[in-house]
Amino acid sequence: MAQKMTEAAWRAFVSEGTRTAKVATVRADGSPHIAPVWFVLDGGDVVFNTGAATVKGRNLARDGRVALCVDDERPPFSFAVLQGRVQLSEDPAELLRWATRIAARYVGEEKAEEFGARNAVPGELLVRVTVEKATAMADLTA
């Protein structure tokens, strides 16, 4: 039977392995946009980076509301939907530090510096989402 995840459980769930987040933003015309991102948790925040000129980058600069969905597509299926508001930064040192940390999760420590440097260039944004609401369920088909 499906179970609501505690805060500790959803934090562990979204941090497991190399799960990506699907990030939903609001376009200027009010329609939704969704895109996958690599991310890490930092305390109560979700941190990822994106290009300032991308659809999601432009959307977040204009309207800081965001929702992220992280799921396990294998039975018995689980998900976490996180909603909040973003803070954007273009600080080169901060961007490099976080891009490298995010890369370590997805490509391993041995390639983290290479990917971090590639993703911490002018035109990139560091996105910090303060989670205001979390809806997370585990074992949907158990």
Side-chain angles (χ1 to χ4, degrees), residues 2-141:
Q3 299 176 12
K4 183 177 178 182
M5 288 189 212
T6 64
E7 182 174 346
W10 71 252
R11 287 180 178 284
F13 172 78
V14 302
S15 297
E16 184 179 326
T18 58
R19 290 186 174 130
T20 59
K22 289 70 170 180
V23 176
T25 61
V26 181
R27 294 178 190 261
D29 67 2
S31 64
H33 174 263
I34 192 162
V37 296
W38 291 357
F39 72 98
V40 294
L41 289 183
D42 180 37
D45 297 341
V46 175
V47 180
F48 64 93
N49 56 285
T50 190
T54 64
V55 173
K56 70 181 166 296
R58 292 189 316 267
N59 290 348
L60 292 170
R62 190 192 68 264
D63 183 332
R65 296 176 296 167
V66 67
L68 304 96
C69 178
V70 179
D71 65 336
D72 184 349
E73 299 174 349
R74 298 167 299 157
F77 308 105
S78 300
F79 72 88
V81 175
L82 312 174
Q83 295 173 268
R85 296 195 179 266
V86 302
Q87 295 174 327
L88 304 176
S89 172
E90 295 179 87
D91 177 81
E94 187 178 22
L95 188 56
L96 178 60
R97 180 168 69 100
W98 284 102
T100 302
R101 184 170 166 194
I102 293 164
R105 175 179 182 185
Y106 293 90
V107 299
E109 292 291 336
E110 62 282 351
K111 292 186 176 181
E113 287 186 23
E114 173 190 345
F115 276 76
R118 186 189 80 177
N119 293 328
V121 296
E124 286 289 307
L125 296 172
L126 180 67
V127 181
R128 181 174 288 276
V129 180
T130 301
V131 177
E132 298 169 348
K133 180 180 180 183
T135 304
M137 300 294 291
D139 303 327
L140 296 174
T141 59

Could you report the tightest heavy-atom contact between [X] and [Y], atom names first, then the distance?
X	Y	result
Thr25	Asn59	OG1-ND2, 2.8 Å
Val14	Ala80	CG1-CB, 3.8 Å
Pro76	Asp139	CG-OD1, 3.2 Å
Leu41	Ser15	CD1-OG, 3.4 Å
Asp71	Lys22	OD1-NZ, 3.2 Å
Ala120	Leu96	CB-CA, 3.4 Å

Can you tell me how far apart [atom1] ([X]) and [atom2] ([Y]) are? Round to the nearest 0.5 Å.
X	Y	atom1	atom2	answer
Asp72	Phe13	CG	CZ	5.5 Å
Cys69	Gln83	SG	CD	11.0 Å
Met5	Met137	CE	CE	8.5 Å
Glu113	Arg118	CD	CZ	14.5 Å
Trp10	Thr135	CH2	OG1	10.5 Å
Gln3	Leu140	CD	CG	10.0 Å

[X] side-chain N/O to [Y] backbone N/O, donor-acceptor pair under 3.5 Å:
X	Y	value
Arg11	Gly43	yes
Arg105	Gly17	yes
Arg65	Arg85	no

Assess whether atom [atom1] of [X] is packed by more than 12 heavy atoms of other residues, nucleotides or ligands within 6.0 Å.
X	atom1	value
Gln87	CD	no
Glu90	CD	no
Glu110	CD	yes

Problem set entry | Beyond-backbone contact of Asp42 with Arg101, side-chain heavy atoms, under 4.5 angstrom | yes
Problem set entry | Partner set under side-chain contact (heavy atoms from CB on, under 4.5 Å) for Ala104, not counting sequence neighbours | Glu109, Ala112
Seminar exercise, completed: The ring-ring contact (aromatic ring centres under 6.0 Å, His included) partners of Phe77 (sequence neighbours excluded) come to none
Seminar exercise, completed: Exactly one candidate in Asn119, Asp91, Leu95 meets side chain to side chain contact (heavy atoms under 4.5 Å, CB included) with Leu126; the answer is Leu95
Exercise. Parallel, tilted or perpendicular for Tyr106 and Phe39, by the 30°/60° rule?
Worked result: tilted
Exercise. Who passes salt bridge (Lys or Arg N to Asp or Glu O under 4.0 Å) against Lys111, sequence neighbours left out?
Worked result: none
For this session: Please test Asp29 against Arg27 for salt bridge (Lys or Arg N to Asp or Glu O under 4.0 Å), starting from the C-alpha separation and ending with a verdict.
Result: CA-CA 5 Å; Asp29 67 2; Arg27 294 178 190 261; 5.4 Å; no
